[in-house]
Amino acid sequence: MTGASRRSARGRIKSSSTGTDEGGDSLRYSPITRRGRAKELVSIGAFKANLKILIGLIILGIVVIYLLINRLFDESQNPRVITPFPAPKLMDLSMFQGEHKESLYWGTYRPHVYFGVRARTPLSLVAGLMWLGVKDEMYVMRHFCENSDDLSSFGWREHNGRDFGRQELVENDMILETSFVKSNEDSLGYGGDWAVRIDVKDKGSNGDAKRSAHLFFYLADEGGNVLNLGHDNLDFQGSSLLVSGSREDVGDWQIHLKSQNQLETHYSGFKTPHIYNLSDLVQRNLALQARKFGRLQLSDTSEDSSNIYVFQISGRLPFTIDIPFVSGIRGESSSVEKRLTSLTGLPLSDLLIKKHREFDARFKECFNLSEKHDSETLGVGKTAIANMLGGIGYFYGQSKIYVPKSTKASIIILLIVYRYFYPFSALPICKLGWISHRITPLILLLQPESRDDFLLYWPAELYTAVPSRPFFPRGFLWDEGFHQLLIWRWDFRITLDIVGHWLDLLNIDGWIPREQILGAEALSKVPEEFVVQYPSNGNPPTLFLVIRDLIDGIRTEKFIASERDEILSFLERASVRLDAWFQWFNTSQTGKESGSYFWHGRDNTTTRELNPKTLSSGLDDYPRASHPSEDERHVDLRCWMYLAADCMRSISELLGNEVKFSKEDYNSTAKLLSNFDLLNQIHYDKDHGAYFDFGNHTEKVKLIWKEIIAENGHLSRQLVRKTFGKPKLTLVPHVGYVSFFPFMSRIIPAESPILEKQLDLISNRSILWSDYGLVSLAKTSSMYMKRNTEHDAPYWRGPIWMNMNYMILSSLHHYSRVDGPYTEKAKEIYKELRSNLIRNVVRNYYQTGYIWEQYDQDKGTGKGTRLFTGWSALTLLIMSEEYPIF
């Protein structure tokens, strides 16, 4: 149509002109006709001029769009939020290379499974264990740690974080003990050799009847390298080569099975890039065999070019199997046999006994508890450090970072324009999580159901402890600072390695994603709505806790000269990243008043939450201002900023001229944030004798049931939020953990009457005190133990949390040792609170088999997820009375 119209217009103009020239008889036309023709010619001229302008604007627009597209898709021009911080990486320091790196290469770095081994490399050789358990008189596969599995108990009893661990798993009438040990003797492969021993025992609950156990040990190559099956897997006679292969990192390798028990073995091989669904593949294989042949065994078949082999090992209880791995194999079989012998049978038993003794000696040296506590308490202490170290994992992948839909829409338009002008070219690689560079039908991106509003962070590795293997088997930023308070006292080099990995995740703006969900296995454990991270939201910068603790260790000469030099070298390189991290908080989270801050990320449009959550604070549903706004002032964040500023000041003093920061004067900033009078002006409530948040608030908010018509036309009831009073700017009157951050920060002078009021609040049974620890929210609060939504039970609104009790206890210990009118009062409260916390955790452990996420505010029983040996393991530091300088 367009082309035809243009040709028609040109033809009409040309014919009229021709007629006039040829006839020479323009006087035939009437004056009226001539005037009309003149107007027509003027209009045509104007149209030509406007058309030129329009074409010029189109060309200019194309140029602008072209430049935008090239800027957007030039890999060297990533959006800022996914651009790494431009400074040398901490993990490139020489202290993390060589012997240190190799010594940590292999480990039990798969905390989400009951037992797993991998290397600290993105595409690793991976080993793991599954077994058939029984639940409701039916077989169920055990593989991933799950609270729903209802194991009587499981967890590491000993682990040194480097080359040894012993774990016990109790399933009904069966006990599995898994031991892992590494050896560098005679090994030519990188990272050395290692061995797994699995003891399967009967608890004796079935009398003389001996039951069978079915274990499934597997090897998988994440890089897709083909594995070679051994030749004697179907006729096990005490020793068997299970599988072998070759890798660039460790060379030729073999893994064997040895046992003195009568066992039956079967196998199945799979070719798949994913291992997170391996248990499903095994169960389908078993089910097919059961239907066909009535036998509960693997098929003894393998797919072409299998990169995963699963070996079924079945036998009557009790039995023991040894699985040695040897690498760097070069020719001589006698050398291999010698290494295998050293990692099986009696030599392996001797090695495990030696490691056990070394663990006990190290535990005594680090925590010096033997004369202070009974054997039961010591057992819980060992469990705490063992599970903290045994829960360390290695992850690799890309975080998903939220991008506003408006930004996404703009990029989609650019993509469509790009396709229009470059119809046959491949789309450039654009680092966008919601688009492949090979997508042609771009219109799919405009579908309303698409929720892929994120960018992908750069591919990154993370070596970190985790809060809980069954429920939180991944890295959490604010948890990690608490973890490292315990770990550095065991092995400060592991702490530096972990902190270095976290700081290397800093982007160019100085932001670190608060939750690290890296890799397919980690993603498989997290609901989709919690995967995407928001670059406007922070998380308590608890890494400053451990850094300042290390600095204090240097000042009090807890390290020898060489160790001191390593820490200083680390701090010298880390300082620029820590500075950028501080500046991100100090620019993006500041409040309207000088020296005030507020957590971003609260939902001010919610109609479902009684009090909009503050997930970024780490305290989730702890009550804040009822109506979120930029007028808020959060006292806990202000105190975290004081910690960070004071830590940066300490680094500056320690390193002197060797470190250069931004323009921030950390000495002045620390003084401002520790200014007692200013703190009281903006956060202290004289009537309550407590420190509060400030914001747009009313106490007259409730959740009420409301009938609504669903999309299907059916009537349903929903619990919705209703406000009965007009909010106003005021202090938020809820006494709880947040109220004691100035106390934890030790900003309150020892002689201040406000300190006495803090001690009274802590020890008041009607407010926070219980026989099991301090509850998270005052029993007098209007929000105490209130649900936040129909489906969200109270979380930080009453239950007892160990990390906050530890911090309050730490300050009680401080105030009990400094001169002042309230020294004795602080000492009495400290002793009783410490005793209550230790007694309750130990009691729960021996009653339930676990250390818990939180403890009930009324009965002290464990709540939340179990095997929570993240910050709940701080119980060990309470036992040893080791506290940080906040």
Side-chain angles (χ1 to χ4, degrees), residues 598-599 602-615 617-629 631-637 682-706 718-743 757-758 760-770 772-801 804-805 808 854-859 863:
F598 72 99
W599 297 108
R602 301 188 70 209
D603 185 357
N604 59 7
T605 63
T606 181
T607 60
R608 296 292 187 89
E609 295 180 86
L610 178 61
N611 188 272
K613 290 190 294 292
T614 317
L615 294 174
S617 74
L619 302 177
D620 297 14
D621 67 344
Y622 186 95
R624 310 279 183 164
S626 61
H627 292 67
S629 70
D631 292 304
E632 285 189 85
R633 303 196 293 260
H634 293 145
V635 64
D636 54 332
L637 180 52
I682 63 178
H683 283 295
Y684 187 66
D685 184 283
K686 293 181 180 179
D687 295 334
H688 290 82
Y691 291 96
F692 292 141
D693 290 337
F694 177 89
N696 199 26
H697 182 72
T698 175
E699 286 286 285
K700 298 179 179 179
V701 180
K702 293 183 179 179
L703 290 177
I704 61 172
W705 288 103
K706 183 178 181 182
Q718 287 185 354
L719 203 56
V720 298
R721 162 181 154 126
K722 186 172 179 61
T723 302
F724 296 92
K726 185 177 181 180
K728 64 178 182 179
L729 292 175
T730 183
L731 291 172
V732 182
H734 294 287
V735 175
Y737 287 161
V738 164
S739 306
F740 292 93
F741 266 81
F743 176 79
K757 293 181 179 180
Q758 299 281 288
D760 289 341
L761 287 172
I762 289 171
S763 58
N764 191 328
R765 284 185 172 273
S766 299
I767 299 178
L768 293 180
W769 189 270
S770 81
Y772 318 107
L774 301 178
V775 300
S776 45
L777 187 63
K779 301 166 189 177
T780 54
S781 169
S782 62
M783 292 284 182
Y784 180 70
M785 292 307 294
K786 292 286 183 68
R787 301 185 73 87
N788 201 44
T789 71
E790 179 181 354
H791 305 290
D792 290 342
Y795 200 47
W796 291 86
R797 296 182 181 178
I800 297 163
W801 292 82
M804 292 293 101
N805 271 271
I808 292 172
Q854 54 183 233
Y855 293 88
D856 186 79
Q857 64 285 346
D858 296 320
K859 299 178 181 178
K863 294 179 67 174

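Residues P799 and M785 approach most closely at CD-SD, 3.9 Å, considering heavy atoms. Scanning both residues, A690 and L761, for their nearest heavy atoms gives CB-CD1, 3.8 Å. Minimum interatomic distance between G689 and Q758 (heavy atoms only, all atoms of both residues): O-NE2, 3.3 Å. R721 approaches P612 most closely through the heavy-atom pair NH1-CD, 3.5 Å. Looking at every heavy atom in both residues, T698 comes nearest to G725 through CG2-O, 3.6 Å. When all heavy atoms are compared, the tightest approach of H634 to D693 is CA-OD1, 3.2 Å.
Looking only at atom types and distance, the side chain of Y737 has a donor-acceptor partner in the side chain of N805 under 3.5 Å away. A donor and an acceptor atom, one from each side chain of H697 and E632, are nowhere located under 3.5 Å apart.
Stacking of K686 on the aromatic ring of Y684 is not recorded, the 6.0 Å distance cut-off and the 45° axial limit not both being met.
Side-chain atoms of H683 and F741, non-hydrogen and from C-beta on, never get closer than 4.5 Å to each other. Taking 4.5 Å as the limit, some side-chain heavy atom of V635 sits within range of a side-chain heavy atom of P742. Side-chain contact between K863 and Y795 is absent, with no heavy atoms from C-beta onward closer than 4.5 Å. Using a 4.5 Å heavy-atom cutoff, the side chains of S782 and H734 are in contact. Two residues are said to be in side-chain contact when any heavy atoms from C-beta on lie closer than 4.5 Å; R787 and P794 meet this criterion. Counting heavy atoms from C-beta outward, P733 and H688 have side chains that approach closer than 4.5 Å.
Summarising the geometry, atom CZ belonging to F694 is positioned 7.0 Å from atom CG belonging to D631; distances are rounded to the nearest 0.5 Å. Distance check: T607 OG1 to L719 CG gives 10.5 Å after rounding to the nearest 0.5 Å. To the nearest 0.5 Å, atom OG1 of residue T780 and atom CG of residue N764 are 8.5 Å apart. Interatomic distance, NZ of K786 versus CG of L610, reported as 7.0 Å (0.5 Å rounding). In this structure, L768 CG and S739 OG are separated by 7.5 Å, a value rounded to the nearest 0.5 Å. Once rounded to the nearest 0.5 Å, the distance linking CG of L637 with CZ of F598 reads 9.5 Å.
Using a 4.0 Å cut-off between charged nitrogen and carboxylate oxygen, R608 and D603 do not count as a salt-bridge pair.
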Applying side chain to side chain contact (heavy atoms under 4.5 Å, CB included), run through F743 and I762 and close with a yes or a no.
-> CA-CA 11 Å; F743 176 79; I762 289 171; 3.8 Å; yes
Output, in order, the C-alpha distance, side-chain angles, deciding distance and verdict of salt bridge (charged side-chain N to carboxylate O under 4.0 Å, His left out) for D792 and R797.
-> CA-CA 11 Å; D792 290 342; R797 296 182 181 178; over 6 Å; no
Please walk me through it: do M804 and F740 pass side chain to side chain contact (heavy atoms under 4.5 Å, CB included)?
-> CA-CA 9 Å; M804 292 293 101; F740 292 93; over 6 Å; no
For I704 and V720, what are the C-alpha separation, side-chain angles and deciding distance, and is it a side chain to side chain contact (heavy atoms under 4.5 Å, CB included)?
-> CA-CA 5 Å; I704 61 172; V720 298; 4.1 Å; yes
Assess whether side chain to side chain contact (heavy atoms under 4.5 Å, CB included) is satisfied between D636 and W599, documenting all intermediate values.
-> CA-CA 9 Å; D636 54 332; W599 297 108; 3.1 Å; yes
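With W801 as the fixed residue, the ring-ring contact (aromatic ring centres under 6.0 Å, His included) test singles out one of W796, Y772, Y855: W796.
Under the 3.5 Å distance criterion, the side-chain polar atoms of K779 are matched with a main-chain donor or acceptor of W769. Using modelled atom types, no side-chain atom of N604 and backbone atom of H627 make a donor-acceptor pair closer than 3.5 Å. Remark: side-chain polar atoms of R624 are not paired, donor with acceptor, to backbone N or O of T614 under 3.5 angstrom.
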